[in-house]
Amino acid sequence: MEIIESIDRMRVWSERERRAGGRIALVPTMGFLHEGHLRLVRDARRRGDRLVVSIFVNPKQFSPAEDYAGYPRDLERDRKLLGREGVDALFCPAAAEMYPEGYQSYVEVTELSAPLCGRARPGHFRGVATVVTKLFNIVRPHVAVFGEKDFQQLQIVRRLVRDLNFDIEIVGHPTVRDEDGLALSSRNSYLDENERRAALCLHRALELAGVLVRRGERNGESLLAAVRSEIAREPRARLDYAELCDPETLQPVGEVNGAALLALAVWIGKARLIDNVILRRGER
Ligand code: PAF
């Protein structure tokens, strides 16, 4: 696996692979890899001839109140994990090269960035859309894989690829969970044992909504009330939002008609955890 730190070297690498006719797959990450990332990597492996993983903790997607400096990092461990997955190149640029002095260009996917996590984290998706655009321009992948756990992010990336005419296939990979249902996330490392147990309320609440829909409940308010009270039963949990929305537009919907996204953000200790499920009318 080649470790590539500079943008120029990454460009040269990709240009060479493209000329040789290779299909390049990219998995963008912020590192501190867990099994969830590795599943994306394995999925991407099958979709291309050459596989690039990027590790870049993007300062532009952290607000001043969020802990950019404290975000978990372990490049050495990540390098070892990726080495075993048949990754061809690890792209890990420095922040000063990605955003040199005088940097002032941003990408904004306006409407999809406003609801859900966009409300609590203003500027976050502008940072994500900007860095993903930069990574696409530098790595020039044919296909890129993103996790469905960050559903809003995935839809924003899909939209920006359409709107800005990137010739890149975007693949959403299903959320990877621990055996007890907790969605894997680098932020789980902030949880102590009790908090980790408490964090299971997210999955429980989503499961409950699924059961209610299967029993015929379609009303959004009733479903959200059940979800909120499930979260409220957990004393360590503080609900940020529970919303039912259209999976494409992310606009709120009043009932489950066809497919609806049920998205949750919940604080457990100092970790803000997100999770979601697609509910479908008539699903058994
Ligand atoms: O999901 C992430 O890890 C990040 O938001 C991403 C897509 C790598 C952009 O920094």
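All residue numbers in this chain count up from 1 along the given sequence. Every value quoted in this text rests on a predicted model; they were computed, and no experiment measured them. Indexing begins at 1, ligand by ligand and atom by atom, following the structure's order.
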Of all the non-hydrogen atoms in the protein, which one sits nearest to atom 3 (O) of ligand 1, and at what distance? Met30 CG, 3.6 Å
Could you name each residue pair satisfying salt bridge (Lys or Arg N to Asp or Glu O under 4.0 Å) that touches residues 22-31, not counting sequence neighbours?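 Only Arg23-Glu169 qualify under salt bridge (Lys or Arg N to Asp or Glu O under 4.0 Å).
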Report yes or no: is the cationic atom of Lys60 (NZ for Lys, CZ for Arg) under 6.0 Å from the centre of the six-membered ring of Tyr99, at an angle within 45° of the ring normal?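 Here Lys60 passes the 6.0 Å and 45° test against Tyr99.
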Tell me whether Arg77 forms a cation-pi arrangement with Phe32, defined as NZ or CZ under 6.0 Å from the six-membered ring centre and within 45 degrees of its axis.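 Yes, a cation-pi geometry holds between Arg77 and Phe32.
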Name the residue from Arg187, Lys270, Arg272, Arg121 that meets the salt bridge (Lys or Arg N to Asp or Glu O under 4.0 Å) definition with Glu66. Arg121
Show which atoms of ligand 1 fall inside a sub-4.0 Å distance from at least one heavy-atom site of [X].
X	result
Val131	9 (C), 10 (O)
Gln153	1 (O), 2 (C), 4 (C), 5 (O), 7 (C)
Thr29	8 (C)
Gln61	4 (C), 5 (O), 9 (C), 10 (O)

Which pairs would a plain distance check flag for residues 252-261, meaning a side-chain donor or acceptor within less than 3.5 Å of a matching protein atom at least two apart in sequence or in another chain?
| residue | atom | partner | partner atom | Å |
| --- | --- | --- | --- | --- |
| Glu255 | OE2 | Arg218 | NH2 | 2.9 |
| Glu255 | OE2 | Asn257 | ND2 | 2.7 |
| Asn257 | OD1 | Arg218 | NH2 | 3.2 |
| Asn257 | OD1 | Arg281 | NH1 | 2.8 |

